[in-house]
Number of protein chains: 2
Amino acid sequence: MGDLVPQGRRGDLFDPGCPTRQLLDRIGGKWVAMVITVLAEQGELRFAELERRMPGVSHKMLSSTLQQLVADGLLARRVEPVVPPRVHYQLTSLGRSLEAPLAAIREWAEAHMAEVDLARTTPGPR
Amino acid sequence: MGDLVPQGRRGDLFDPGCPTRQLLDRIGGKWVAMVITVLAEQGELRFAELERRMPGVSHKMLSSTLQQLVADGLLARRVEPVVPPRVHYQLTSLGRSLEAPLAAIREWAEAHMAEVDLARTTPGPR
DNA sequence: CTGGATCCTGGTCGATACTG
DNA sequence: CAGTATCGACCAGGATCCAG
């Protein structure tokens, strides 16, 4: 698609604070894509359920990842005022709109990562 | 020999060593997307030209990023046997195939990062 | 010109323990 | 159950110098 940004400086990755760069920094986080994917599939999950579905994640990382995504407006946080508290997370419409580009990444990875692995393990080119 | 990952679960982000996760770790690197984008536009560039087009990059990071991308089979490295040496880099067909998912990311970012910024700067939930 | 080697710093991530 | 706080390990990233 054409870029509708003035030609002087593309709105690309070349400015500090450009949107693409910021986004990659964000979804490049170790657990971000996993949270989004799991919530895209399950719809709504509680903290402990997320934790259970994400082997290897620590409380701290899950907590901070969720905080970040809520702050970014990608996740909605719903608290049931009971004891013990129940906190539910689900994607916002903004978060769901990320599914498409994330799916593009996933498809590329599944289609081509074998080639990448081959290239990495093959000493010489060709 | 590469060890095969048992495919009991989805090839998603949930196994260590899953393709999507590996890819995100890789293109999440600070300069990777920039190198790919600049080479996608320019076709072929030398080391110093890349450096000039990427403000803020250090020799080391450009060098290591290029090494990584060459090792991954995304870039082709061509050396002119002269002194001083001239080294040219261009995307391989594999590297060019990454343009599409990268464009998807870019489009999402340009379309929605304003909303993300708004969410981040807005104190209360809506 | 290319890019490797070295040293240093800051942020990210993980384990653990604690509060409401 | 949900979330925070603290500590420490690790690594990406940057500056500089050196070599082919």
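By convention in this document, chain letters (A, B, ...) are assigned in the order of the sequence lines, proteins followed by strands, and residues within each chain are numbered from 1. These numbers come from a predicted model, not from an experiment.
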Colleague: Atom CD of A:Gln67 and atom C1' of D:dA2: how far apart are they, to the nearest Å?
Modeller: 11 Å
Colleague: So which nucleotide from C:dT2, C:dG3, D:dC1 ends up closest to the side chain of B:Ala48?
Modeller: C:dT2
Colleague: Can you check whether A:Val57 reaches A:Glu51 side chain to side chain, under 4.5 Å on heavy atoms?
Modeller: yes
Colleague: Quick one: CZ on B:Arg96 to CG on B:Leu102, what's the gap to the nearest 0.5 Å?
Modeller: 14.5 Å
Colleague: Between C:dT12 atom P and A:Leu62 atom CG, what is the distance in whole Å?
Modeller: 17 Å
Colleague: In whole Å, I'd like the distance from the NE2 atom of B:His59 to the C1' atom of D:dC18.
Modeller: 13 Å
Colleague: Measure CD/A:Glu51 against P/D:dG3 and give the value in whole Å, please.
Modeller: 11 Å
Colleague: Look at A:Arg86 and D:dA2 and indicate whether a side-chain polar atom (N or O) is within less than 4.0 Å of OP1 or OP2.
Modeller: no
Colleague: For B:Leu91, which of B:Val35, B:Leu98, B:Leu75 qualifies under side-chain contact (heavy atoms from CB on, under 4.5 Å)?
Modeller: B:Leu75
Colleague: Output the rounded distance in Å from CZ (A:Phe47) to P (C:dT19).
Modeller: 18 Å
Colleague: Phosphate oxygens OP1/OP2 of C:dG3: is one of them under 4.0 Å from a side-chain N or O of B:Tyr89?
Modeller: yes
Colleague: Tell me every residue that passes ring pair (Phe, Tyr, Trp, His ring centres under 6.0 Å) with A:Trp31, counting only those two or more places apart in sequence or in another chain.
Modeller: none
Colleague: Between C1' on C:dT2 and CG on B:Leu50, what's the gap in Å once rounded to a whole number?
Modeller: 12 Å
Colleague: Quick one, B:Arg78 and B:Tyr89 - any side-chain contact, counting heavy atoms below 4.5 Å?
Modeller: no
Colleague: Atom CG of B:Asp25 and atom C1' of C:dC13: how far apart are they, to the nearest Å?
Modeller: 12 Å
Colleague: Would you say A:Arg46 places a side-chain N or O within less than 4.0 Å of OP1 or OP2 belonging to D:dC1?
Modeller: no
Colleague: What's the NE2-P distance between A:His88 and D:dC1, to the nearest Å?
Modeller: 13 Å
Colleague: Is there a path of hydrophobic side-chain contacts, each under 4.5 Å between heavy atoms, that joins B:Val70 and B:Val79?
Modeller: yes
Colleague: For A:Arg86, does the CZ atom have more than 12 heavy-atom neighbours from other residues, nucleotides or ligands under 6.0 Å away?
Modeller: no
Colleague: Would you say A:Gln42's side chain and A:Leu39's backbone share a donor-acceptor pair under 3.5 angstrom?
Modeller: no
Colleague: Quick one, which residues of residues 68-84 of chain B touch DNA chain C with a heavy atom under 4.0 Å?
Modeller: B:Arg77, B:Pro84
Colleague: Collect all protein-nucleotide pairs involving nucleotides 10-15 of chain D in which both atoms are nitrogen or oxygen and the distance is under 3.5 Å.
Modeller:
unit_1	atom_1	unit_2	atom_2	d
D:dG13	OP1	B:Lys30	N	3.0
D:dG13	N7	B:Lys60	NZ	3.3
D:dG13	O6	B:Lys60	NZ	3.2
D:dG14	OP1	B:Lys30	NZ	2.4
D:dG14	OP2	B:Trp31	NE1	3.0
D:dG14	N7	B:Lys60	NZ	3.3
D:dG14	O6	B:Lys60	NZ	2.1

Colleague: Counting C-beta onward and ignoring hydrogens, is there a side-chain heavy-atom pair between A:Thr20 and B:Thr37 closer than 4.5 Å?
Modeller: no
